[in-house]
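Shown next, in structure tokens, is the structure this report addresses.
Indexing begins at 1, ligand by ligand and atom by atom, following the structure's order. Computed from a prediction, not measured in an experiment: that's the story for all the values here.
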Amino acid sequence: MNNYARFPVEFVRGEGARLWDSEGNEYLDFLAGISVCNAGHCHPRVVAAVEAQARALMHVSNLYFNRPMVELAERLTGRSLGGRVYFANSGAEANEAALKLVRKARPRGEIVVLHGGFHGRTYGALSATFQESKQAPFAPLVPGFVAVPRDPAALDAAVHDGTAAVLLEPIQGETGVNVLSPELLAVARAACDRVGAALLFDEVQTGMGRTGTLWAYEATGVVPDAITVAKALGGGLPIGALISGERLADVLAPGDHGSTFAGGPVVAAAAHAALDVLDDPALLARVRELGTRLAESLRELPGVVAVRGRGLMIAADVDRSAPDVVARALHEQRLVINATGPQTLRFLPPLVIEQRHVDDAIGRLAPLVS
Ligand code: PLP
């Protein structure tokens with residue numbers, strides 16, 4: 001169907017931060033499939049894990065256990081909030097599970113979300129995504145969502161005894177890499193504690209090392225009650241997860257929610273391999289270092305008027321049409337980036353890049369924004 005505005009390019013091969021199209025042209029990828037290929041394209045560890053698991057067992061359904069899934073759940077909770085995991089197949093689906101869980105914990109409760117947030121395209125996730133252009137054609141939406149500006153006082157005032165949860169992205173990705181202030185996050189935590197509501201962080205885009213820590217919440221000083229994860233979790237394959245702390249671990253009971261494919265052994269094996277690559281202190285330190293270099297280099301380009309972000313999740317506002325820059329970068333410079341708004345470029349490179357890749361990207365971008 002006609003729901004994507006695709007570029008006239010067919011990619012046929014990828015390796016690390018490089019892509020090749022069907023005509024043999026080589027590209028530098030600073031988008032990573034929208035923060036999915038954090039481990040780089042076709043990382044050998046991910047490919048080997050998928051190959052081995054595909055030979056052993058591909059699917060059994062959630063009527064039975066499979067070892068890669070159980071061990072992945074243990075690994076994810078051990079490396080985050082310590083509770084339990086619900087597996088899904090995408091970011092939107094992980095958020096649907098989170099929404100159902102908090103509604104069950106506080107029946108008919110309201111869910112407070114922020115202006116500028118993006119949580120996915122399915123009905124619950126879309127109802128949490130307060131953007132007129134995305135919501136209006138699909139009304140009526142799921143009731144019980146309240147959207148407030150990114151302002152501590154407004155958020156605090158919106159949370160009351162009938163609030164089930166506050167759902168937010170610690171850094172809003174799809175609307176231009178808006179880093180939420182420490183004050184706003186602290187107010188969200190305190191407001192939820194005041195009324196016994198759940199604080200949910202959507203880490204679909206910020207997770208898996210993107211911001212220089214495995215999860216973005218680790219650098220905020222605020223610990224949420226649950227996080228949702230997807231995108232880079234599967235090393236390029238589709239998997240999502242809702243990871244809870246102890247407080248929300250036992251809300252869902254058999255029959256409450258489910259998915260035929262979720263937590264299948266092949267995607268779980270791929271996720272183990274992706275975590276082997278990304279949950280590495282040396283790699284995460286390099287993400288922080290290269291993020292600083294990328295941001296500083298962008299600031300030096302004449303057409304760049306503002307730079308935001310953390311780690312290798314960076315946006316640059318430009319003094320011209322960002323979609324034009326993106327198209328010229330692709331066709332003239334063979335640099336893959338995207339635009340989140342009319343004047344905002346976004347950079348989400350694979351996290352396995354080196355300094356030379358950053359300098360190469362800046363070199364390709366410079367003639368387009370000078
Ligand atoms: N949440 C956030 C923060 C996202 O950035 C996205 C996708 O861009 C989603 C949810 C939806 O994820 P998916 O496209 O896998 O459903």
Side-chain angles (χ1 to χ4, degrees), residues 3-6 31-38 86-102 111 113-131 133-135 138 141-142 145 147 150 165-180 185 188 199-211 214-217 220 224 226-243 259 261-264 267 270-271 274 308-315 337-341 344 346-349:
N3 58 313
Y4 297 111
R6 292 186 173 95
L31 188 57
I34 322 183
S35 201
V36 166
C37 304
N38 288 12
Y86 168 84
F87 285 112
N89 308 288
S90 67
E93 270 188 60
N95 285 332
E96 294 294 333
L99 295 170
K100 282 183 71 174
L101 184 149
V102 297
I111 291 148
V113 297
L114 295 181
H115 292 183
F118 180 85
H119 301 289
R121 308 293 195 141
T122 51
Y123 260 104
L126 178 64
S127 303
T129 298
F130 187 70
Q131 291 179 44
S133 63
K134 294 191 170 60
Q135 289 187 339
F138 305 104
L141 300 172
V142 178
F145 288 82
R150 294 187 298 258
V166 172
L167 168 64
L168 54 82
E169 303 158 77
I171 302 174
Q172 296 178 330
E174 293 306 295
T175 54
V177 188
N178 304 308
V179 182
L180 299 193
L185 296 177
L199 180 60
L200 305 175
F201 278 12
D202 178 338
E203 293 242 22
V204 167
Q205 191 162 145
T206 55
M208 295 299 285
R210 174 55 57 194
T211 66
L214 186 63
W215 316 115
Y217 82 81
T220 67
I227 58 176
T228 50
V229 187
K231 285 196 185 277
L233 177 59
L237 293 188
I239 176 172
L242 163 63
I243 310 171
S259 157
F261 282 120
V267 289
R308 296 177 295 281
R310 181 178 300 147
L312 285 169
M313 179 173 182
I314 294 182
I337 54 175
N338 91 322
T340 58
T344 304
R346 178 173 53 172
F347 303 85
L348 299 165

What protein heavy atom sits nearest [atom], and how far away is it?
| atom | result |
| --- | --- |
| atom 2 (C) of ligand 1 | Phe118 O, 3.4 Å |
| atom 5 (O) of ligand 1 | Gln205 NE2, 2.8 Å |
| atom 16 (O) of ligand 1 | Ala92 N, 2.8 Å |
| atom 12 (O) of ligand 1 | Gly91 CA, 3.4 Å |
| atom 8 (O) of ligand 1 | Lys231 NZ, 3.1 Å |

Query raised in the report: Could you walk me through whether Arg346 and Thr340 pass the side chain to side chain donor-acceptor pair (under 3.5 Å) check?
Result: CA-CA 6 Å; Arg346 178 173 53 172; Thr340 58; 5.6 Å; no

Just jot down the ligand 1 atoms closer than 4.0 angstrom to any heavy atom of [X], in number order.
| X | answer |
| --- | --- |
| Glu169 | 3 (C) |
| Ser90 | 15 (O), 16 (O) |
| Asn95 | 1 (N), 10 (C) |
| Glu174 | 5 (O), 8 (O) |
| Val204 | 1 (N), 2 (C), 4 (C), 6 (C), 9 (C), 10 (C), 12 (O) |

Query raised in the report: Between Asp202 and ligand 1, does any nitrogen or oxygen pair lie at a separation below 3.5 Å?
Result: yes

Report task. Quick one: closest heavy-atom pair of Val267 and Pro238, and the distance? Result -> CG1-O, 3.4 Å

Query raised in the report: Of the non-hydrogen atoms in Gly207 and Trp215, which two are nearest, and what is the gap between them?
Result: CA-CE3, 3.8 Å

Requested in this report: Give a yes or no on whether Phe261 atom CZ has more than 12 heavy-atom contacts from other residues, nucleotides or ligands under 6.0 Å away.
Outcome: no

**Report entry** Aromatic plane relationship, His115 with Phe130 - under 30° parallel, 30 to 60° tilted, over 60° perpendicular
**Finding:** parallel

Report task. Could you tell me the separation between the CD atom of Glu174 and the CD atom of Gln131, rounded to the nearest 0.5 Å? Result -> 8.5 Å

Query raised in the report: For Asn38 and Lys231, what are the C-alpha separation, side-chain angles and deciding distance, and is it a side chain to side chain contact (heavy atoms under 4.5 Å, CB included)?
Result: CA-CA 9 Å; Asn38 288 12; Lys231 285 196 185 277; over 6 Å; no

Query - Sub-4.0 Å protein heavy atom next to atom 14 (O) of ligand 1 - result: no

**Report entry** With Val166, the side chain to side chain contact (heavy atoms under 4.5 Å, CB included) member among Leu200, Ile111, Leu185, Leu199
**Finding:** Leu199

